[in-house]
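Nothing here was measured: the structure is a model prediction, and the numbers come from that model. Counting convention: from 1, in listed order, for ligands and their atoms alike. Note that these values count all heavy atoms, side chains included, but never hydrogens, waters or copies made by symmetry.
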Amino acid sequence: SANSMWGGRFAAGPDAIMEAINASIGFDRRLYAQDIRGSRAHAAMLAATGIISDSDAEAIGKGLLTVLSEIEAGDFPFQTALEDIHMNVEARLKEVIGEPAGRLHTGRSRNDQVATDFRLWVRDQCDAAIEGLRALIRATVTQAEAGADWVMPGFTHLQTAQPVTWGHHMMAYAEMFGRDLSRFQDARARMNESPLGAAALAGTGYPIDRDMTAQALGFDRPMANSLDAVSDRDFALEFLSASAICAVHLSRLAEELVIWSSAQFRFVSMSDKWSTGSSIMPQKRNPDAAELIRAKIGRILGATVALFTVMKGLPLAYSKDMQEDKEQTFDAADTLMLALAAMTGMLSDLTANRDRLEAAAGIGFSTATDLADWLVRELGLPFRDAHHVTGSLVAMAEGRGVDLPDLTLEDMQSVHGQIRQDVFNVLGVHKSVASRQSYGGTAPDQVRAQIARWKEKLA
Ligand code: ARG
């Protein structure tokens with residue numbers, strides 16, 4: 001039989017496959033709370049403007065709360081034939097309160113309704129991401145504080161570069177996650193306008209009050225253009241883009257944890273809570289959570305690309321294509337929140353191995369730059385010449401299988417006659433990091449200052 005919501009001009013119901021491709025209730029039921037909240041705001045506004053009676057609005061408002069509790073109790077008869085959450089709720093409202101239910105949809109369309117519901121949902125997800133990132137940054141800062149002056153190798157190309165501190169390395173991620181957090185804040189602020197009242201696309205002839213519904217739903221103002229209001233999903237694209245960037249950061253840290261927890265590195269030990277064993281190899285402690293966080297970017301980026309692709313060629317205003325916005329965004333949001341929580345937990349329970357970090361810090365001639373800088377500072381060599389002299393000394397040390405501080409003064413002088421005993425003062429890894437006092441550098445004082453700035457921001 002024809003659809004009870006729009007079946008007036010239809011003689012027959014849809015083909016079963018038509019129903020299957022068209023229905024979104026399987027996933028958009030997740031918007032029930034937003035849908036009911038939006039409908040209650042709309043009904044209250046219809047009464048305040050005299051478009052419907054107070055008693056009808058009251059019946060609608062109450063009935064919607066009944067429907068809400070039915071859904072929350074898991075006691076709601078979702079019907080695929082009713083396509084989506086909007087029509088499921090309205091149809092049930094009709095069963096609960098009868099005739100007044102038919103007045104709810106006055107001056108409204110499913111187009112502005114879904115845009116409103118989805119915006120409210122994505123806005124909540126921005127808040128959840130912001131909260132999750134705060135917790136993660138806190139965990140990062142705590143790690144940094146524990147080892148603000150612990151030396152470790154700093155890498156470029158994953159080859160020994162210069163010694164850095166554990167605190168410095170951790171705080172690098174605090175900065176990245178801090179920018180992620182501000183991206184979600186920015187996106188939230190931009191999306192916080194109400195599409196409700198745009199109706200199908202052109203606005204409505206009823207004397208509605210869009211400011212009233214905007215305010216009731218916590219939006220800053222109504223969207224300025226009704227065509228735009230029902231047409232765009234840029235708020236979801238922004239959320240997905242911010243999520244994808246955040247997932248890249250999570251993935252890079254996860255990758256480092258995978259490397260660092262290997263027997264060859266042993267820079268960190270993961271707690272039992274965040275490790276798994278092997279059914280065949282008894283020695284195994286696998287960093288599965290880190291590996292999965294590393295992999296989750298695939299889903300989030302996939303969702304981002306999918307929604308960009310859905311949107312890119314759509315003429316204004318609403319097209320049914322846009323129903324494909326939800327599953328992607330739902331999955332990306334769930335994935336991001338899980339990855340944030342897992343990384344926070346893993347990092348909180350992680351032990352950095354100070355001795356291993358320090359032992360590794362000197363491997364691979366990590367203080368060669370300090371030697372070159374000494375030649376510039378103390379002997380007045382041009383940096384390029386100092387670089388060359390140091391390179392010869394590194395080659396000599398490498399030939400003998402020792403590190404730079406293991407060369408003798410005579411060895412040094414055989415390459416450059418003016419080198420003095422005090423050159424050895426700069427060849428230690430602790431001296432090296434302590435000297436990097438430039439703003440944002442790896443010197444423990446700088447790292448502690450950075451930690452202090454973040455603690456103030458998080459307070
Ligand atoms: N389920 C639809 C969606 O998610 C709701 C809007 C339907 N509007 C329409 N004119 N068919 O996009």
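- Heavy atoms only, all atoms of each residue included: M343 and L250 are closest at CE-O, 3.5 Å.
- Of the listed residues (H86, Q34, R110), just one forms a side chain to side chain donor-acceptor pair (under 3.5 Å) with D117, and that residue is H86.
- Looking at residues two or more places apart in sequence or on another chain, you find no side-chain contact (heavy atoms from CB on, under 4.5 Å) involving L292.
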Between ligand 1 and the protein, give all atom pairs where both partners are nitrogen or oxygen and the distance is under 3.5 Å, as lines of names plus distance to 0.1 Å.
unit_1: ligand 1; atom_1: 1 (N); unit_2: S24; atom_2: OG; d: 3.4
unit_1: ligand 1; atom_1: 1 (N); unit_2: D84; atom_2: OD2; d: 3.0
unit_1: ligand 1; atom_1: 1 (N); unit_2: Q323; atom_2: OE1; d: 2.7
unit_1: ligand 1; atom_1: 4 (O); unit_2: K326; atom_2: NZ; d: 2.5
unit_1: ligand 1; atom_1: 8 (N); unit_2: N111; atom_2: OD1; d: 2.9
unit_1: ligand 1; atom_1: 10 (N); unit_2: N111; atom_2: OD1; d: 3.0
unit_1: ligand 1; atom_1: 12 (O); unit_2: Y318; atom_2: OH; d: 2.4

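- Of all heavy-atom pairs spanning L237 and M311, the tightest one is CD1-CG, 4.5 Å.
- Side-chain contact between R210 and M223 is present, with heavy atoms from C-beta onward closer than 4.5 Å.
- Between R103 and E99, at least one side-chain nitrogen of the basic residue sits less than 4.0 Å from a carboxylate oxygen of the acidic one, meeting the salt-bridge criterion.
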